[in-house]
> 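Below are the structure tokens for one structure; questions will follow.
Order of the sequence lines sets the chain letters (A, B, ...), proteins ahead of strands, with each chain counted from 1. Atoms considered below: every heavy atom in the structure, side chains included; atoms not considered: hydrogens, waters and symmetry mates.
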There are 2 protein chains.
Amino acid sequence: MAQRRAEALSRARIIETAVELLDADGESGLTFRALTERLATGPGAIYWHVANKGELLDAATGAVVAAALAVERAAESPQDEVRAVALGLFDAIEDHPWLAAQLSAQLSRGPAGPVAPKIFESIGRHVRDLGVPKGSWFTATSALVHYVLGAAGQNAANARVVKAGTDRSEFLDAVSTAWEALDAEEYPFARAVAEEMRDHDDREQFLAGVDLILTGIGTVHALD
Amino acid sequence: MAQRRAEALSRARIIETAVELLDADGESGLTFRALTERLATGPGAIYWHVANKGELLDAATGAVVAAALAVERAAESPQDEVRAVALGLFDAIEDHPWLAAQLSAQLSRGPAGPVAPKIFESIGRHVRDLGVPKGSWFTATSALVHYVLGAAGQNAANARVVKAGTDRSEFLDAVSTAWEALDAEEYPFARAVAEEMRDHDDREQFLAGVDLILTGIGTVHALD
DNA sequence: ACCTGAACACCGTTCAAGT
DNA sequence: ACCTGAACACCGTTCAAGT
């Protein structure tokens, strides 16, 4: 399967290939062996452009996030802008299911990397436009960012399962049935929401959560 | 460093040792080599009790989460109960920084495992007591769960850095300075919140986010 | 039923050597 | 400056053999 080298090796081309491997086979699909084969080169050549695997993963994550955030969307209000950015990340995680774990790993390694400020910026500037007082910008934006990444990540599981061949409704049905089978004493709530899970719309549900937080922000700060 | 075997090998003892290794050296600290050395046994013995490394990680995660959720706390209202559960998970992630990535990995693999219903149950039953209409239980609970896990995970980064010897305020100072050094055109918001980040209290900030979502839930459903 | 431990396939990374 | 590719240390997992 080794291909002739089409272009000269470069950091950008390595990252691009890494994203392809991740999309195709998930995190375990990105190995230096697979990379050298696709790029028709040796490991040493890759190490010339990239410090190590961690840096490569960070770069792949950064590239995909940057592309997702760069998309312009029509929006009529700060609330709409937040929804648009949120959906952009939601879609990116749906297209690249490995992104969810990678993002939370990178964020939980600290806000030092380049991805954290990028995401905070693209959501936070609209929180600011909402009229939230400055002292609450960080809290309000964090709540939105954490929800968006968490919820989108959960959704990525569905995307992965569907990709693997199982039908979506079949999958939700299986999970729903599993929750209904839980102990009645210990899990009354999980059993009660199992039904709700069976035929919910992912996107709708996701946006409902965003709106819930936007409402909270609006109420606490009594906007307009 | 190999120790004499103190008790008979058992699944519980393997999981317990796995947690110790994870606490000491993070996810990369959990290897079958380290495990066999501590338990004074061979890999085959461990595979008799545990199917593979993934199952072991899931079990370690489940054990720590179960312990965290089992702690009883004084609470005077459903809101207070939610805050108590949230803080319990916050503390658990602070004590076991590897838990954050593990939890989001497990949740994003789908709500099939045992951890997802456990967390949903412990938060959701109080959402129900809040008076939220049944059709919104899942959305409201999801928003809380995703925020709690995401925010606590971000906080775990601090804990890890402090553990490594760096002073907390020194660390926040460094990140804050890094954000202030970002491009003024591209990152006006990140630069503006950098200051806020410098001397925020993690716990306070975390609970403010929980309250924001609780307010959103209360407003949307016009409770009491 | 439970454990031993050598062996296997695979991984990230290094480095002396080439151009 | 950029690339080659053999070699190294380490990993998860298997399995024939023991008790």
> Go nucleotide by nucleotide along DNA chain D from the 5' end; which of A:Arg33 and A:Ile46 gets its closest nucleotide reached first?
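The answer here is A:Ile46.
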
> Would you check, one step at a time, whether the test side-chain contact (heavy atoms from CB on, under 4.5 Å) holds for A:His200 with A:Leu172?
CA-CA 9 Å; A:His200 80 276; A:Leu172 284 180; 4.1 Å; yes

> Whole-Å distance between D:dT4 P and A:Glu37 CD?
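Between P of D:dT4 and CD of A:Glu37: 14 Å.
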
> Scan for ring pair (Phe, Tyr, Trp, His ring centres under 6.0 Å) pairs involving residues 37-62 of chain A, sequence neighbours excluded, and state none if there are none.
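Sorted result for residues 37-62 of chain A: A:Phe32-A:Tyr47.
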
> Round to a whole Å and report the spacing from CG of A:Leu21 to P of C:dC11.
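Rounded to whole Å, this separation is 12 Å.
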
> Does the distance from a Lys or Arg side-chain N to an Asp or Glu carboxylate O, for B:Glu121 and B:Arg125, drop under 4.0 Å?
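A salt bridge is present here (some side-chain N lies under 4.0 Å from a carboxylate O).
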
> Checking A:His96 now: which residues fulfil side chain to side chain contact (heavy atoms under 4.5 Å, CB included) with it, not counting sequence neighbours?
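Once residues adjacent in sequence are excluded, the partners of A:His96 under the side chain to side chain contact (heavy atoms under 4.5 Å, CB included) criterion are A:Val19, A:Asp23, A:Val64, A:Trp98, A:Leu99.
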
> Between B:His146 and B:Phe120, what is the ring plane arrangement, given parallel below 30°, perpendicular above 60°, and tilted in between?
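Rings of B:His146 and B:Phe120: perpendicular, as their planes differ by over 60°.
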
> Between the protein and nucleotides 15-19 of chain D, which nitrogen or oxygen pairs come in under 3.5 angstrom?
none

> Apply side chain to side chain contact (heavy atoms under 4.5 Å, CB included) to B:Ala194 and list each qualifying residue two or more places apart in sequence or on a separate chain.
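Residues passing side chain to side chain contact (heavy atoms under 4.5 Å, CB included) with B:Ala194: B:Ser176, B:Trp179, B:Glu180.
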
> Is a side-chain N or O of B:Thr139 found less than 3.5 angstrom from the main chain of B:Ser136, in a donor-acceptor match?
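A pair under 3.5 Å: no.
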
> Contact class for A:Leu35 (heavy atom, under 4.0 Å): base, sugar-phosphate, or nothing?
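No contact at all - A:Leu35 keeps every heavy atom at 4.0 Å or more from the nucleic acid.
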
> So what's the dot-bracket for DNA chain D: Watson-Crick or G-U pairs under 3.5 Å, [ ] if a pair crosses, | if it pairs off-strand?
||.|||||...|||||.||

> What's the CH2-C1' distance between A:Trp48 and C:dG12, to the nearest Å?
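Atom-to-atom, A:Trp48 to C:dG12, this comes out as 19 Å.
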
> Between A:Ser169 and A:Arg198, does any side-chain donor sit less than 3.5 Å from a side-chain acceptor?
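No, no side-chain donor-acceptor contact under 3.5 Å.
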
> Could you check which residues of residues 52-61 of chain B get a heavy atom under 4.0 Å from DNA chain C? Sort them by number, please.
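Under 4.0 Å from DNA chain C: no residue of residues 52-61 of chain B.
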
> Do the side chains of B:Glu55 and B:Arg11 get close enough for a salt bridge, i.e. N-O under 4.0 angstrom?
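Salt bridge present between B:Glu55 and B:Arg11.
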
> Nearest-Å distance, CZ (A:Arg13) to P (D:dC3)?
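Taking CZ of A:Arg13 and P of D:dC3, I get 11 Å after rounding.
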
> Hey, does the side chain of A:His49 come within less than 4.0 Å of D:dA1's phosphate (OP1/OP2), counting only N and O?
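No, A:His49 has no side-chain N/O under 4.0 Å of OP1/OP2 on D:dA1.
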
> Less than 4.0 angstrom from a charged side-chain N to a carboxylate O is my criterion; do A:Asp58 and A:Lys53 meet it?
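Here A:Asp58 does not pair with A:Lys53 in a salt bridge, since their nearest N and O are not under 4.0 Å apart.
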
> So, A:Thr141 versus A:Arg128: side-chain donor-acceptor pair below 3.5 Å or not?
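No donor-acceptor contact under 3.5 Å links the two side chains.
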
> Within this structure, what is the CG-to-P distance between A:Leu39 and D:dG5, rounded to whole angstrom?
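After rounding, the reported distance stands at 14 Å.
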
> Expressed in angstrom and rounded to an integer, what is the separation of B:Phe32 atom CZ from D:dT13 atom C1'?
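It works out to 8 Å between those atoms.
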
